[in-house]
Q: 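Next up is a structure, given as structure tokens.
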Amino acid sequence: MSEAATAKVFKPAPPVDRITVKVDGQVVVVPKLSPDWQGKLVPTTMIQACEAAGVTIPHYCYHPQLPVAGNCRMCLVEFGTPALGPDRKPVTNPDGSAVINKSPRPAIACATPVSPGMEIYANTPGVKAMRQGVLEFLLINHPLDCPICDQAGECKLQEYSVEYGQSATRFVEAKVHKPKAVDLGPRIMLDDERCILCTRCIRFTRDFVGDDALGIVNRGSYNTIATYPGHKFDNNYTLNTVDLCPVGALTSKDFRFEMRVWFLRETKSVCPSCGTGCNLLIGSRENRIYRYTPRDNPAVNGPWMCDAGRLDYKWIARDDRLKDARGSRPEVRTWRDVLAELAGRLRPATAGSVAIVASARLTNEELYLIRKLAQRLGAATDTIPHLGDGDRLLVNADKNPNTAGARLLGISAKPAGANLNDFAAGIRDGLIKTLIVFREDVTRFGLGADLLGRLDTLVASNVLPNETTKLAHFVLPGCAPAEKRGSFTNIHGRVQRITKAVEPPGDARPEWEFLGELLELITDRRAPATIEGLFNQMAGEVPAFHGLRWAALGDSGVTMPLEPGK
Amino acid sequence: MIVKRQPLNWAERLYLPAVWNGFKITFRHLLRRKVTMQYPEERWVVPEGYRGAPYLVRDQDGNTKCVSCQLCEFVCPPKAIKITPPGPEGVPADRLNAEKMPREFEINMLRCIFCGFCQEVCPEEAIFLMRDWSHVGSNRAEMIYNKEKLLTLGGMHQDKIQKWKHKLEEAKAQDMFPVKQ
Ligand code: SF4
Ligand code: FES
């Protein structure tokens, strides 16, 4: 969620009332009130107290970022409260400890508030029997088709059955059959037989997204998740229900039957599709990306991400990716020769004769190297803004992941894109003889083929081919964010790391690598050979980065004040 | 340590007892049952339960039993198995309500160590170590058996449970065709 929301959560912090409770004999002190899914302060529940004590309570319907429903009963625990005498004072044992009245009935930990002196018993034989009972009921009509279920391997029903369930079924009657492979919407497939009716999906789309699309129809064992007749489950957040669904009822059409989840290597990274920079995990196997899943970061995206960003990975594996470095003559084909030729052309260039169109899709480190290059060549730089639709949840209208980084490093004009007209004029007047373009198709932004034809040297670095790379004298194939390391600065000034998940195709290389080499050829000074060194050098040199260190970024990033002094 | 070589006594120096003992062994084997096989004209029939090559099987209705759960691929110690799952647009499974069937299934018989883990782990009884022990090919590519070859070699398995058929009948009896196609 946004910065503002987090701030709301933590503002009324000072007067914390604390409550002491015991979980399985272990004393924990918890705040009397804790933030609920909206950040409002509500009484702390037993499940939160257990969490604080390091005791895991199995649960299906409870989710910290959703309203509490309390319908699955998986979280049942036993508890007791201090006994009160006729004088309303706690009764004590001869040894001074409080007498505890054990409640005759269990309670659901997800919805029961803690009270002072409460004792929670999370591992008694009674609790174990209740968990076993709940699981037995959940499995009565469950189809047990794990071999064909995409959730297998990350399924809470599987996990809890192993941990708390029983190995054999006592159910001999016919199972209730429900529709399978139901087309809920453009990205979601529903298997009603697998559903355990926890209503997480319903609460998510109704309360978080504000699209009341799902509900339960029919009664008793025939309960079925459905959309309103004639409507589709189609908003930009539907795929989050696939992660939320504790079983394999809601599955992603995109990932359907593609790969078993236990084969996927998960790489921590950041979504490059808009200025928000949601944290994500890249699931890849054998150099192929299979899916993106959100990674919980309360300061940025919480546990969610939008569907558009999640499915924006297919272009990385496109066949027409730029794979070969190219110099001005056909025999110049290796990186060494191409960079040497390019450096030879750039070194004598006079100040003002070179212009650089960089991109806010590049990482901070790469933009820093471009900045150094521009300083050496006396070149003007700019980036091209890409605006789209934003929403009130996660999606930002800025479709570049590193707009703030490009601004802080002085690569973008004010406002971004303002220099492009000057570039066009400069080329027309013959002042600009060399244009270097990163990750953009400038022919679509006022620098048409006729203008580009007037240049002595056109250098294009990109991932996919476009009109500019076709016209370019030098082509430098770069990497998708999933193929390199680096960092992005999101729209709120949070610097977050991206990590390499797959290898780039052919000769394509991370931009920061060849930019560093090019810079060395031109300036005879070596740029740091690691991304850590590069980042630390940048943060030391550029005041806007406040001397951050790469190591300090961690997995979830660091927010910098965007306006120095503010 | 140095072992001193003992000088031979006169009987040993004569050699005749040794020759006689040698002939005794030869004659004994001459009269015994023959054990050498004239391979490849003669072929060994392996005992029941021998762990030979793993093959895929079809059920008695001719359906591919494998549902592409990839557990064998996971458990295979030498990584001999490579399964390509159907993906969202793959061909529909032979048994419609089983939903899945591998697009491709390859076993590299050069890698396979015939441990039988795949048969053990298979939740669908779709792969069995059969009694084939002779695998011949003139190059490496030939030793990678694909789905078609594995199914042909595996033949039919008399499935006593027929889980999916049973499920389908149960669902139909409740007026619920499980998978809309
Ligand atoms: S589809 Fe999944 S998330 Fe929705 S109610 Fe069923 S089990 Fe819960
Ligand atoms: S988690 Fe408490 S009732 Fe479902």
Side-chain angles (χ1 to χ4, degrees), chain A residues 140-153 155 158 169 171-184 186-194 218 221-222 224 239 242 248 251-265 285-286 288 290-291 311 314 317, chain B residues 56 63-76 79 81-106 118 121-127 161 163-181:
Chain A
I140 276 184
N141 285 321
H142 188 84
L144 297 175
D145 50 1
C146 307
I148 60 161
C149 177
D150 277 335
Q151 186 85 359
C155 172
Q158 281 184 334
T169 174
F171 190 68
V172 290
E173 293 83 355
K175 291 187 183 237
V176 172
H177 286 272
K178 296 182 189 174
K180 290 176 90 74
V182 182
D183 184 352
L184 264 199
R187 290 172 294 282
I188 304 288
M189 192 79 104
L190 167 69
D191 187 309
D192 269 312
E193 287 190 338
R194 294 180 192 149
N218 298 339
S221 307
Y222 299 96
T224 306
L239 282 170
V242 174
T251 53
S252 157
K253 279 191 189 168
D254 177 61
F255 184 62
R256 187 172 163 82
F257 301 160
E258 278 286 9
M259 188 46 65
R260 308 296 280 174
V261 296
W262 52 78
F263 287 117
L264 298 182
R265 183 180 59 188
R285 183 187 186 205
E286 292 180 358
R288 179 176 155 194
Y290 284 92
R291 66 170 185 185
L311 298 179
K314 310 217 155 152
Chain B
L56 293 175
N63 301 314
T64 307
K65 293 189 78 188
C66 173
V67 297
S68 183
C69 78
Q70 297 182 280
L71 283 173
C72 51
E73 180 175 0
F74 183 71
V75 80
C76 181
K79 298 200 194 302
I81 300 179
K82 181 167 181 246
I83 298 173
T84 314
E89 270 105 43
V91 279
D94 286 348
R95 300 159 300 190
L96 276 192
N97 63 331
E99 295 188 69
K100 269 179 96 182
M101 189 168 83
R103 190 188 296 245
E104 187 47 277
F105 194 118
E106 291 166 332
C118 48
V121 81
C122 182
E124 299 286 333
E125 300 195 308
I127 190 165
I161 302 168
K163 172 173 84 178
W164 296 104
K165 193 172 165 189
H166 174 75
K167 275 194 185 203
L168 185 65
E169 280 160 8
E170 201 177 77
K172 278 192 171 153
Q174 296 175 20
D175 271 346
M176 184 66 73
F177 186 75
V179 179
K180 279 188 232 133
Q181 286 289 338

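Per chain, numbering begins at 1; letters A, B, ... match sequence-line order.
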Q: Can we say B:Glu99 and A:Arg256 salt-bridge, meaning some charged N sits less than 4.0 Å from an Asp/Glu carboxylate O?
A: yes
Q: What part of B:Pro86 is in contact with chain A, defined as an atom under 4.5 angstrom from a non-hydrogen atom: side chain, backbone, both or neither?
A: both
Q: For B:Glu89, is it the side chain, the backbone, both or neither that has a heavy atom under 4.5 Å from a heavy atom of chain A?
A: neither
Q: Could you look at A:Asp191 and say if it's the side chain, the backbone, both or neither that has a heavy atom under 4.5 Å from chain B?
A: side chain
Q: May I ask you to test the B:Pro85-B:Gln70 pair for a side-chain heavy-atom distance under 4.5 Å?
A: yes
Q: Side chains of A:Asn218 and A:Lys178: closer than 4.5 Å at any heavy-atom pair?
A: no
Q: Looking at chain A, which one of B:Cys122, B:Cys69, B:Ser68 has the largest number of heavy-atom pairs inside 4.5 Å, strictly under?
A: B:Cys69
Q: If only side-chain N and O atoms count, and only distance matters, is there a donor-acceptor pair under 3.5 Å linking B:Glu124 with B:Trp164?
A: yes
Q: Consider only side-chain N and O atoms of B:Thr64 and B:Asp94, and report whether a donor and an acceptor are under 3.5 Å apart.
A: yes
Q: Against chain A, label B:Glu170 side chain, backbone, both or neither, depending on which of its atoms sit under 4.5 Å from a heavy atom there.
A: both
